[in-house]
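Here the structure comes first, spelled out in structure tokens, and everything after it is commentary.
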2 protein chains.
Amino acid sequence: MRFSKTSEYAIRVLTFMAYDETKVYSANFLHEELGLPYRYLTKLMTELSKKKLVQRVRGREGGFCIKKKLSQITVKDIVHAVDENMDFKRCILGFDKCSDDSPCSMHKYWEKHKKQINKMAESVSLDDLRKSKTVKL
Amino acid sequence: MRFSKTSEYAIRVLTFMAYDETKVYSANFLHEELGLPYRYLTKLMTELSKKKLVQRVRGREGGFCIKKKLSQITVKDIVHAVDENMDFKRCILGFDKCSDDSPCSMHKYWEKHKKQINKMAESVSLDDLRKSKTVKL
DNA sequence: TGTATATACCACCCCTGGGTAGTATTTTTT
DNA sequence: AAAAAATACTACCCAGGGGTGGTATATACA
């Protein structure tokens with residue numbers, strides 16, 4: 001019942017960067033502030049830049065800054081950027097054919113949570129996360 | 001947003017066996033009916049018997065049958081039997097210190113879903129699953 | 001123009017969950 | 001007692017996510 005670790009990192013980094021959306025953050029600075037492994041972080045940032053969520057600024061004094069409007073980046077966008085096959089619609093027991101008409105045994109107990117979570121991921125934006133971020137976490 | 005594959009298998013097998021809770025099901029029969037890899041299935045069943053969810057009947061004509069009352073086995077019991085470190089309480093961003101007092105940026109958006117899912121897993125029993133099982137899945 | 005400070009790219013390592021193989025052991029049937 | 005039909009145990013394999021290392025490339029500033 002969780003996102004992949006890489007998804008967690010992506011959300012943490014972007015939420016941190018959202019504090020000042022115009023600033024250019026170097027990978028080293030993010031590494032020191034957030035405590036993520038430097039190498040893994042740079043790999044992640046490269047991925048996020050390929051997916052157009054952040055803009056790269058190369059060379060000395062370079063780094064990354066957020067490319068799009070904060071309100072236009074949702075949790076789902078972030079998760080999908082780093083975890084392509086994350087499926088919010090998936091049957092909890094893994095049945096391809098599971099549906100309202102032909103439900104698996106867990107269907108009626110899981111379906112509403114799935115829908116709610118999907119909706120949350122689609123509607124909560126980076127701007128929302130920025131607002132609810134505390135100093136400590 | 002899913003259980004581990006082994007958890008899926010465990011739920012599928014137990015729900016199938018719940019159809020006739022007194023019957024002894026051989027691993028081979030379950031394998032043929034459910035289509036799970038035979039070897040993996042026996043490994044899983046051994047695990048479930050160690051966790052006292054099923055009873056083993058050794059020797060020829062042997063197999064497994066459900067040990068406890070169907071209403072006393074919850075989804076959470078099943079998941080925990082095969083996946084010890086499945087944590088229904090975990091912070092979605094992986095912060096140990098995340099709490100209502102010191103929330104991570106996702107906390108207010110995730111907390112209620114987490115609570116609901118946890119409650120569902122604790123309250124839905126194998127008897128409930130048996131009743132909602134369709135012929136096909 | 002050289003050097004320092006950035007990211008970019010490629011290959012690799014490690015651990016874990018999922019899955020396989022061989023063989024031993026138990027019990028029923030004949 | 002032997003054969004058949006089942007589980008039990010131990011070890012191993014494989015793929016993928018998470019994480020590291022080396023080095024190339026880009027840019028700013030002295």
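Convention: sequence-line order gives letters A, B, ...; per-chain numbering from 1.
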Practice item. Evaluate side-chain contact (heavy atoms from CB on, under 4.5 Å) for B:Ile11 paired with A:Ile92, printing each intermediate quantity in order. Key: CA-CA 10 Å; B:Ile11 294 173; A:Ile92 189 76; over 6 Å; no
Check your understanding: side-chain contact (heavy atoms from CB on, under 4.5 Å) between B:Leu41 and B:Tyr9: does it pass, once the steps are laid out?
Key -> CA-CA 8 Å; B:Leu41 177 65; B:Tyr9 286 170; over 6 Å; no
Exercise for review: Could you walk me through whether B:Lys43 and B:Glu47 pass the salt bridge (charged side-chain N to carboxylate O under 4.0 Å, His left out) test, one step at a time?
Suggested key: CA-CA 6 Å; B:Lys43 194 178 181 181; B:Glu47 198 55 32; over 6 Å; no
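For the pair B:Leu41 CG and C:dG19 P, the interatomic distance rounds to 12 Å; values are reported in whole Å. To the nearest angstrom, C1' of C:dG19 lies 17 Å from CE of B:Met45. For A:His31 and C:dT7, the NE2 to C1' distance is 15 Å, given to the nearest whole Å. Between the P atom of D:dT7 and the NZ atom of B:Lys50 lies a distance of 15 Å, rounded to the nearest Å. Rounding to whole angstrom units, CZ of residue A:Arg12 and P of D:dG18 are separated by 14 Å. Atom-to-atom, CG of B:Asn28 to C1' of D:dA4 comes out at 14 Å; the value is rounded to the nearest Å. In this structure, CD of B:Gln55 is placed 18 Å from P of C:dT26, rounded to the nearest angstrom. A straight line from NZ of B:Lys5 to C1' of C:dT16 spans 15 Å, rounded to a whole angstrom.
One N or O donor and one acceptor, one from the side chain of A:Lys43 and one from the base of D:dG19, sit under 3.5 Å apart.
Under the 4.5 Å side-chain criterion, counting only non-hydrogen atoms from C-beta, A:Phe88 is in contact with A:His80. At a threshold of 4.5 Å between non-hydrogen side-chain atoms, the residues A:Met106 and B:Met120 count as touching.
When the nucleotides D:dT20, C:dG19, C:dT7 are ranked by their closest atom to the side chain of B:Tyr40, C:dG19 comes out on top. Of the candidate nucleotides D:dA11, C:dA4, C:dT28, C:dA4 has the atom lying nearest to any side-chain atom of A:Arg60. Listed candidates were D:dT20, C:dC9, D:dT7. Nearest to the side chain of B:Ala27 is D:dT7.
Across all strands shown, A:Thr42 has no heavy atoms under 4.0 Å from either base or sugar-phosphate atoms. No engagement by B:Ser49 is indicated, since no non-hydrogen atom pair under 4.0 Å with the nucleic acid exists. Heavy atoms of B:Phe64 sit under 4.0 angstrom from primed sugar atoms or phosphate atoms, though from no base atom. In this structure, A:Phe29 reaches neither bases nor backbone, as no heavy-atom distance under 4.0 Å exists between it and the strands shown. Residue B:Arg58 is in base contact, counting any heavy-atom pair closer than 4.0 Å across all strands shown. A:Arg39 comes within 4.0 angstrom of a nucleotide base, judged by non-hydrogen atoms across all strands.
Of the charged side-chain nitrogens involved, none lies within less than 4.0 Å of a carboxylate oxygen, so that A:Lys119 and A:Glu122 do not count as a salt-bridged pair.
Applying the 4.0 Å criterion to OP1 and OP2 of C:dG17, one finds that B:Thr6 has every side-chain N and O outside that range. At C:dA8, one or more side-chain N or O atoms of A:Thr46 fall inside 4.0 Å of OP1 or OP2 (strictly under the cut-off). The phosphate of D:dA6 (OP1 or OP2) has no side-chain N or O of B:Tyr25 nearer than 4.0 angstrom.
Mapping A:Tyr38 and A:Glu61 onto DNA chain D by nearest heavy atom places A:Tyr38 closer to the 5' end of the strand. Residue B:Gly62 is the one, among A:Ser7 and B:Gly62, whose nearest nucleotide of DNA chain D lies closer to the 5' end (criterion: closest heavy atom).
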